[in-house]
Protein chains: 2
Amino acid sequence: MSGKRSPARRPTMKDIARHAGVSQSAVSFALNGRPGVSEDTRDRVRQVAEELGWRPSTAARALSGEGAATVGFVLARPADTLGVDSFFLQLVSGIQEVLAERHLGLLFQVVEDVADECAVYRRWWAEHRVDGVLVVDPRTDDPRPDLLDELGLPAVVIGGAPDERHPGLSTVWADDAGAMASVVDGLYALGHRRIVHIAGLPGLAHTERRIRTLRAEAGRRGLSEVRSVTTDYSDAEGAAVTRRVLEDPAPPTALIYDNDVMAVAGAAAAAELGFSVPADVSVVSWEDSALCRMVKPWLSALSRDSAEFGRTAARELTALVDGGSARAVRVPVPRLVERGSTGVARGV
Amino acid sequence: MSGKRSPARRPTMKDIARHAGVSQSAVSFALNGRPGVSEDTRDRVRQVAEELGWRPSTAARALSGEGAATVGFVLARPADTLGVDSFFLQLVSGIQEVLAERHLGLLFQVVEDVADECAVYRRWWAEHRVDGVLVVDPRTDDPRPDLLDELGLPAVVIGGAPDERHPGLSTVWADDAGAMASVVDGLYALGHRRIVHIAGLPGLAHTERRIRTLRAEAGRRGLSEVRSVTTDYSDAEGAAVTRRVLEDPAPPTALIYDNDVMAVAGAAAAAELGFSVPADVSVVSWEDSALCRMVKPWLSALSRDSAEFGRTAARELTALVDGGSARAVRVPVPRLVERGSTGVARGV
DNA sequence: CGGTGATCCTAATGCGCATTAGTCACTAAT
DNA sequence: ATTAGTGACTAATGCGCATTAGGATCACCG
C-alpha cells in the first residue's frame with residue numbers, strides 16, 4: 001500500500017488539451033458545442049475529458065462572464081422561530097430537485113431580519129456569488145424588490161401576489177384569498193358564526209391578504225364576530241392566543257390557524273381549557289403535515305404541495321436567469337382536507 | 001425621476017485604483033493587510049473601497065488560489081422523510097451563525113442517498129466550489145471519509161465517533177453511549193424491566209452505537225426483555241412499531257424513541273390502544289423540541305443544543321480550512337428533561 | 001560621494017476558462 | 001492561374017484578483 005495519498009489535482013482544460021494533442025481553445029470549442037472543431041476531434045476531446053474526470057471550474061466560468069451557476073435563498077427568521085416548520089424543508093427539497101438537474105448550486109443563508117437579508121443580497125451580488133435569488137415571505141412594505149431591481153439580480157418571489165411595480169420579478173403564488181373564502185364558506189355552512197383567525201406574522205403579504213379576505217367575507221355575510229389575531233407563528237403564541245380567545249364570554253366556535261404548529265398547540269390548549277374538538281370548537285390548520293395527524297382528533301388542514309411549489313419557483317428562476325422574461329405563475333389553491341377537527345357548530 | 005435604472009456595475013479593484021490614484025497592486029496590498037504600502041495610502045484605499053461598495057469577487061479569489069469561501073452541506077434523505085425534523089434546521093442555523101461572521105457561504109444540497117452524496121462531493125471538488133464540507137449521519141460502513149481523504153477536501157463529521165483511520169477528518173459528537181446508559185439507569189430505577197428502543201435508520205453510526213449500548217446495559221443488569229427496533233424515523237413507522245410491540249402479551253413498560261417525531265406519534269398510538277402514558281407505559285424522546293410540548297402529557301426528552309452543535313461543527317471546519325489540524329470535539333451529553341411521560345413502572 | 005538598505009510603489013504574470021482574432025491548407029470560382 | 005472562400009485549428013486577450021519581480025526615492029554610513 002502507498003503511504004500518504006497525495007490529494008488529487010483537479011484536471012484543467014490544459015490537461016485535456018495536452019492529452020488530446022490539440023490546443024486549449026479547441027478543447028473549449030469542443031466541450032461547449034461551439035463550431036470550429038471537427039466532429040472527430042470533438043468526440044476525442046469529450047472522451048479525454050471524461051477519462052480525466054474534468055469538470056469546469058465554476059470560479060473560472062464565473063470570472064469569464066458565464067455566471068456563478070448558483071442561486072441564493074435567504075430565510076429571514078429569528079433563530080428561535082425556526083422550530084418545527086415543515087414548509088421550508090419541503091420547499092427547499094423541491095427547489096433542489098430542479099436545480100440539481102441543471103447542476104446549479106443553492107447558496108443558503110439564515111438571517112435575523114429583512115435588513116440583514118438585503119445586506120446578504122448586496123454582498124452576494126458584489127461578490128459575484130449568485131445568478132439569481134428566491135425570495136420568500138414577501139411583505140406588504142417590502143424593500144427587497146426595489147433592491148433586486150437596482151442590482152439587476154434575477155429573482156422569483158415565492159408566495160406574493162404579482163406586483164406591477166416590479167415587472168422584472170417573477171412571482172409564484174397561491175390564491176390565499178380564494179382558499180380563505182372557501183374555508184369560511186365551509187365553516188359558515190356548518191353553522192359557525194363566531195370565527196377567530198390566528199394569523200401569522202403581521203406585515204407578511206399573505207398574512208395581510210388572508211386577513212383582508214376574511215374581513216371581506218365576514219362583511220359580505222354580515223358576521224360581526226369574526227376577526228384575525230396576528231402572532232409570530234410559534235406554538236407558544238398559538239396556544240396563548242387560543243386560551244385568550246376561548247376565555248371570552250362568547251368564545252368562537254371555529255379557529256383558523258395560519259400554520260400547523262400553532263394549530264396543534266392551539267388544539268391542545270383548547271382541550272386543556274375543557275373545550276372539546278370539534279364538539280365545542282372546530283380547528284382548521286393552514287398547513288398540512290405529519291403534525292396534523294399526530295394529535296387526536298386529526299386536524300382538518302389546507303393541504304398544498306410545498307415541494308411542487310419549490311419546483312415551480314426554481315423553474316421560473318432558471319428561466320429568468322437564462323434570459324427569459326418575468327412571469328406570474330399561480331399554483332393550485334390549497335385543498336381543504338377534512339379530518340376530525342371540524343364539525344357542526346355547537347347549538348346548531 | 002430617472003426612467004429605467006441601469007443595473008449597477010460591480011466595482012473592481014481597478015476602479016478603486018483609478019479613484020485613489022494608485023496602482024492596482026497597491027490596492028490589493030492595502031486591502032489585504034500586506035506590507036508594501038504606507039498607512040496613509042492604505043487608509044485612503046480602504047476609504048475609496050468603502051465608498052464604492054467594493055467586495056472581492058469570490059470567483060476571482062477562488063481562481064487565484066484563495067479558496068471558494070464556501071462550505072458544503074449535503075443532506076442525504078429521501079424527500080418524503082424530510083418531514084417535521086427540527087434538528088436539521090436548528091443545526092443549520094447554528095452553522096450559519098459562525099459562517100456568517102466570516103463571510104463564508106453555505107452551499108446546501110438535498111439528495112436521495114449516500115451514493116448521490118458522494119457524487120456531489122466529487123462535483124463540488126472538481127468545480128472548485130467548496131473549501132470543505134460538513135458531513136452528517138455518519139454510517140457504520142461509510143464510503144464518505146475515504147472519498148474526502150482522496151479528494152483532500154477538509155471535512156467535519158457531525159455525530160460520529162472519532163475514527164482513527166481517517167486522521168484528516170475532524171469530528172464533533174455527543175456521547176450517545178453515556179446518554180443511553182443514563183436513560184436506562186433512570187428507567188431501571190423507576191422499576192422498568194421491559195424496555196423497547198425504537199431506533200432510527202439502521203446503518204447510521206449513532207443508531208448502532210445506541211443499540212450496542214442498550215444491549216450492553218441490559219446485559220449488565222441481566223435484563224432479557226430489552227431490545228431495539230430500527231425504523232426510518234418517520235411518524236408512520238414510529239406509530240406502527242409502537243402498536244406492534246404494545247400488542248405483545250408482555251408489552252414493554254418503557255419506550256425510548258430515537259427522535260421527537262416518532263415519540264409523539266408513538267405516544268398517540270399507545271393512547272389509541274388504551275395504554276395510558278405514563279401509568280401503563282413510559283415514553284422518552286431522544287430529541288427535544290416544541291413537538292414534545294404539544295402533546296399531553298408532555299414528553300420527557302433528551303435535550304441538546306442543536307444550534308450549538310452546529311456552531312461547534314462550523315468552527316471546527318473553519319479551523320480545518322485555515323490549515324489547522326483535525327480534532328475530535330465532544331459536545332455535552334444530552335440532558336434528560338423529565339416531563340410527564342415517564343413514571344414508575346406499572347406494578348411497582 | 002558612492003554605496004547600502006529601507007520604504008513605497010508599479011509592472012508583469014498566472015489562475016481556468018470563453019472568446020476574438022488570426023493562421024494555414026485546401027477547394028471552388030473567376 | 002490568381003483570388004475569394006471555407007473548414008479546422010492555434011495564438012492571444014481579458015475577466016478580477018494575488019503575488020512576485022522590479023524600479024524609484026530617500027536616509028544613512030563609512
Side-chain angles (χ1 to χ4, degrees), chain A residues 8-46 48-49 52-70 103 123-131, chain B residues 8-46 48-49 52-70 103 123-131:
Chain A
R9 200 178 65 84
R10 294 170 178 78
T12 72
M13 290 180 53
K14 203 187 279 180
D15 299 319
I16 301 179
R18 191 153 27 79
H19 281 249
V22 294
S23 76
Q24 184 265 115
S25 335
V27 173
S28 179
F29 293 150
L31 261 19
N32 292 307
R34 293 270 180 290
V37 286
S38 65
E39 279 311 306
D40 273 8
T41 309
R42 195 182 294 276
D43 285 347
R44 191 154 40 89
V45 167
R46 281 205 183 115
V48 173
L52 263 46
W54 178 84
R55 295 247 76 214
S57 151
T58 46
R61 272 241 158 97
L63 200 54
S64 39
E66 290 296 281
T70 305
H103 290 224
R123 194 147 50 71
W124 279 354
W125 171 80
E127 292 180 353
H128 219 114
R129 266 182 185 277
V130 298
D131 300 328
Chain B
R9 200 178 63 82
R10 295 170 178 79
T12 72
M13 291 180 57
K14 203 187 277 179
D15 298 321
I16 301 178
R18 192 155 26 78
H19 281 248
V22 293
S23 76
Q24 186 264 119
S25 335
V27 174
S28 179
F29 293 150
L31 260 20
N32 293 306
R34 292 271 179 292
V37 286
S38 64
E39 279 311 306
D40 273 10
T41 310
R42 195 182 295 277
D43 286 347
R44 192 155 39 89
V45 167
R46 280 205 183 114
V48 172
L52 263 46
W54 178 84
R55 293 247 77 212
S57 151
T58 46
R61 272 241 158 96
L63 200 54
S64 40
E66 290 297 282
T70 306
H103 289 225
R123 195 148 49 73
W124 280 353
W125 170 80
E127 292 180 354
H128 219 115
R129 267 181 184 277
V130 298
D131 299 328

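Bear in mind that the values here come from a model prediction, so they are computed numbers and not experimental data. Each chain gets a letter, A, B and so on, in the order its sequence line appears, and its residues count up from 1.
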Exercise. Could you work out which one of dA18(D), dA12(D), dT10(C) sits closest to the side chain of Val22(B)?
Key: dT10(C)
Self-check item: Closest nucleotide among dC15(C), dA18(C), dA18(D) to the Asn32(A) side chain
Solution: dA18(C)
Atom [atom1] of [X] to atom [atom2] of [N]: distance rounded to whole Å?
| X | N | atom1 | atom2 | value |
| --- | --- | --- | --- | --- |
| Arg61(A) | dC15(C) | CZ | P | 19 Å |
| Glu127(A) | dC15(D) | CD | C1' | 17 Å |
| Glu39(B) | dC9(C) | CD | P | 10 Å |
| Leu31(B) | dC17(D) | CG | C1' | 11 Å |
| Leu63(A) | dC17(D) | CG | P | 9 Å |
| Leu52(A) | dC17(C) | CG | P | 12 Å |
| Asp40(A) | dA8(D) | CG | P | 10 Å |
| His128(B) | dG14(C) | NE2 | C1' | 14 Å |

Measuring to OP1 and OP2 of [N], would you say a side-chain N or O of [X] lies under 4.0 angstrom away?
| X | N | result |
| --- | --- | --- |
| Trp54(B) | dC17(D) | yes |
| Ser28(B) | dT19(D) | no |
| Thr41(B) | dC9(C) | yes |

Does the side chain of [X] pick up a donor-acceptor pair with the side chain of [Y] at under 3.5 Å?
| X | Y | result |
| --- | --- | --- |
| His19(B) | Arg44(B) | no |
| Thr41(A) | Ser38(A) | yes |
| His128(B) | Arg55(A) | no |

Quiz item: Between the base of dA18(D) and the side chain of Ser25(B), is there a donor-acceptor distance below 3.5 Å?
Solution: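 When only heavy-atom distances are counted, Ser25(B) does not reach the base of dA18(D) through any donor-acceptor pair under 3.5 Å.
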Practice problem: Would you mind telling me which residue lines up with the more 5' stretch of DNA chain C, Ser23(B) or Arg10(A), judged by nearest nucleotide? | Solution: Ser23(B)
Quiz item: Starting at the 5' end of DNA chain C, which residue's closest nucleotide do you reach first, Gly65(B) or Phe29(A)?
Solution: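 Closer to the 5' end of DNA chain C: Gly65(B).
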Practice problem: Give a yes or no answer on whether the side chain of Arg123(B) reaches the backbone of Arg129(B) with a donor-acceptor pair at less than 3.5 Å. | Solution: no
Quiz item: Taking it one step at a time, do Thr70(A) and Thr58(A) satisfy side chain to side chain contact (heavy atoms under 4.5 Å, CB included)?
Solution: CA-CA 9 Å; Thr70(A) 305; Thr58(A) 46; 6.0 Å; no
